[in-house]
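Convention: sequence-line order gives letters A, B, ...; per-chain numbering from 1.
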Number of protein chains: 2
Amino acid sequence: MQTNINDVAQQANVSIATVSRTFRHPELVAKKTRDKVLAVAEELNFSISRSATIFQTGQSFRIALLLNDQFASWFNSRIFEGLDSVFHPAGYDLSVYPIASQNDRRSFFSTLPVRRNADAVIVPSFNIDLGEAERLRSTGIPLIGINALPADAFTLSIAIDDKQAMRLVVRHLISLGHRRITFFRVKHDSDSSLKFSASQRAQGFLDECRDNGIAPLVLDVVEDDSRVDQALTQLLTLPDMPTAICCQQDSLAVPLIFKLQQYGYEVPRDISVTGFDDTYYARQIGLTTVRQQPRTMGAIAAKRIISLLEGNDVETKHEVLPVQLMFRTTTAPARRLADD
Amino acid sequence: MQTNINDVAQQANVSIATVSRTFRHPELVAKKTRDKVLAVAEELNFSISRSATIFQTGQSFRIALLLNDQFASWFNSRIFEGLDSVFHPAGYDLSVYPIASQNDRRSFFSTLPVRRNADAVIVPSFNIDLGEAERLRSTGIPLIGINALPADAFTLSIAIDDKQAMRLVVRHLISLGHRRITFFRVKHDSDSSLKFSASQRAQGFLDECRDNGIAPLVLDVVEDDSRVDQALTQLLTLPDMPTAICCQQDSLAVPLIFKLQQYGYEVPRDISVTGFDDTYYARQIGLTTVRQQPRTMGAIAAKRIISLLEGNDVETKHEVLPVQLMFRTTTAPARRLADD
DNA sequence: TTGTAGGCGTTATCAG
DNA sequence: CTGATAACGCCTACAA
């Protein structure tokens with residue numbers, strides 16, 4: 001049997017109230033009493049039961065995190081890490097709800113399993129339905145978006161501007177003289193509206209091309225282990241090889257470069273390639289890409305949420321973090337036509 | 001104010017016991033009553049409070065996961081994913097305790113923050129002190145090891161045989177005629193005994209070399225963003241370039257291959273390279289490596305733990321999962337001396 | 001099949 | 001500074 005607060009109180013010749021205070025508000029307890037209690041607690045292997053505390057508090061100290069995707073993806077695992085780095089020390093636990101399809105999502109928002117069972121719901125990276133958001137928020141649970149839209153569906157939101165970031169990339173390529181640029185988009189089997197960033201990036205590409213009078217070419221690959229081969233096949237059967245390739249994410253760009261080189265295309269001499277995310281591999285191979293820092297986003301979000309839950313006014317409700325174009329060695333000036 | 005079980009009971013003209021049963025043991029409630037209760041619950045936006053249930057049960061429904069490292073590492077995030085895929089649906093939450101140093105570890109095991117606050121403690125991938133393990137287990141909390149030693153410190157354990165797996169790799173290289181083989185080990189800033197698998201792999205390399213009368217060469221790189229450059233520098237300043245390179249993990253091998261090629265070394269024509277893990281990038285570039293499946297390990301561990309917590313006898317206490325050598329395109333027969 | 005009542009371990013309030 | 005006591009919301013014997 002576990003020892004409880006009663007055992008300690010008895011053994012230490014104090015009331016349970018004093019034991020509780022010793023842990024909760026030590027400053028209200030005389031040092032002598034406190035030491036006695038702590039000694040007994042130590043001896044009896046006692047510590048306050050979080051379940052009981054949580055129960056009596058009425059707060060759940062649980063944060064629901066909806067994940068649309070492989071949990072272990074680059075983005076998601078870093079978001080989690082950032083969130084947990086703040087939440088865990090503050091006594092909150094994260095509870096991961098897998099949302100793989102629109103159906104999952106609908107079911108989540110109609111049964112609201114988090115009702116009374118989570119202090120907040122965090123939605124990274126997918127579009128949300130205004131009605132659903134409203135339904136959740138009407139239960140008093142704040143809804144927080146990370147790279148998600150529309151902003152006004154959320155109590156708080158934090159994001160990067162994927163569209164703008166991709167425009168940066170395209171502008172970079174254009175300034176290097178590229179005019180034949182191909183964009184590779186990764187199609188997910190699951191519902192695409194669960195992948196908010198993906199569509200934003202493609203849109204940014206299209207917009208920037210249009211503004212510069214360039215005919216954009218967007219190619220799709222399905223998100224499976226053959227995605228790079230799919231990309232390569234499409235590239236090599238193009239009537240005109242592009243001079244630059246924009247990939248939706250590093251995880252496509254890195255192996256693509258590898259394979260292009262195997263097929264005799266030198267990067268960036270023959271063709272420039274860009275990524276998005278700034279992953280470890282991007283840094284290692286010198287990929288030109290966009291740096292975003294999901295871990296930081298998670299940590300900031302967590303801090304805001306805690307502040308909100310503690311009843312403070314949150315100054316910034318909707319924040320957009322800056323990103324950085326990392327100009328490295330996989331992009332170079334387009335070869336002049338005369339060189340061909 | 002949240003509605004509670006009382007409100008529902010009143011509104012539905014039944015006792016709270018009936019409401020509770022409607023959710024807990026629906027089969028014990030007359031269909032008519034049940035429907036009535038559910039209707040009222042729906043109307044009042046009620047659902048059972050997990051906090052209260054957990055509290056009253058006495059179980060915490062929380063599983064502590066000690067992580068030694070970047071949470072978002074390939075291995076750890078997949079372990080988490082596997083664990084959560086089983087735990088979450090079963091009503092358990094994972095609570096991540098960061099253990100970055102021996103000090104953190106000591107402090108964890110001396111203050112035992114999980115005492116009464118977790119149903120089990122999971123330790124992936126680092127060595128554990130028998131005394132500490134005993135201390136924890138004496139509180140009645142099971143301790144589970146994933147790729148951790150020594151086995152008898154744990155209530156349950158599940159692992160791959162890193163040492164044996166690396167021997168497989170070396171044997172493969174030897175069978176291809178390689179005799180000059182270099183092993184690259186990744187040194188972690190944090191205490192090395194927190195990295196159990198790493199030392200096992202290096203040991204496997206040494207053992208297999210010795211058994212084949214080969215003089216082993218182990219080189220270290222520090223785990224920062226320059227690790228690949230460190231490896232390359234060491235390689236290129238060697239009196240004798242090896243014919244094969246064994247990397248402790250894919251994340252070193254993949255960019256190393258990339259850079260070797262930039263320096264004019266063709267893989268595998270000039271030099272063979274192997275990895276360990278079988279990550280996405282390994283598959284994409286055709287790296288010869290060892291496949292391990294941490295997600296599966298996590299899922300199996302979770303199932304066992306739940307079974308244990310439910311009081312069932314667990315048949316297999318210590319399980320070693322098989323791994324698979326993935327022979328791909330980065331290894332080839334060693335060039336005969338005459339060719340040089 | 002349903003209701004009654006006790007108890008889970010803590011915290012907060014209020015009195016001393 | 002400390003003690004007594006009433007919640008907190010649910011579950012489960014046990015009784016009806």
Legend entry - Touch class at under 4.0 angstrom, heavy-atom based, for A:R24 against every strand present: sugar-phosphate
Legend entry - Between P of D:dG3 and CG of A:N13, the distance in whole Å: 9 Å
Inset, instruction - Give A:F46 one of three labels, base, sugar-phosphate or nothing, depending on what nucleic acid heavy atoms sit under 4.0 Å from its own. - result: sugar-phosphate
Legend entry - Any A:T53 side-chain nitrogen or oxygen under 4.0 Å from OP1 or OP2 of C:dT10: no
Inset, instruction - Quick one: pull up CD1 in A:I158 and NZ in A:K303 and give me the separation to the nearest 0.5 Å. - result: 10.0 Å
Inset, instruction - Report, as yes or no, whether the 6.0 Å neighbourhood of atom CD on A:Q70 holds more than 12 heavy atoms from other residues, nucleotides or ligands. - result: no
Inset, instruction - Establish whether the base of D:dG9 is bridged to the side chain of A:R116 by a donor-acceptor pair shorter than 3.5 Å. - result: no
Inset, instruction - Please check the phosphate of D:dG3 (OP1 and OP2 only) for any side-chain N or O of A:T18 closer than 4.0 Å. - result: yes
Inset, instruction - Look at all strands and tell whether A:I48 reaches a base, only sugar-phosphate, or nothing, counting heavy atoms closer than 4.0 Å. - result: sugar-phosphate
Legend entry - Side-chain N or O of A:S20 closer than 4.0 Å to phosphate OP1/OP2 of C:dT10: no
Inset, instruction - Look at A:H25 and D:dC1 and indicate whether a side-chain polar atom (N or O) is within less than 4.0 Å of OP1 or OP2. - result: no
Inset, instruction - Answer yes or no: is there a side-chain heavy-atom contact under 4.5 Å between A:L67 and A:I79? - result: no
Inset, instruction - Just call it for A:V29: base, sugar-phosphate, or nothing, with non-hydrogen atoms closer than 4.0 Å on any strand. - result: sugar-phosphate
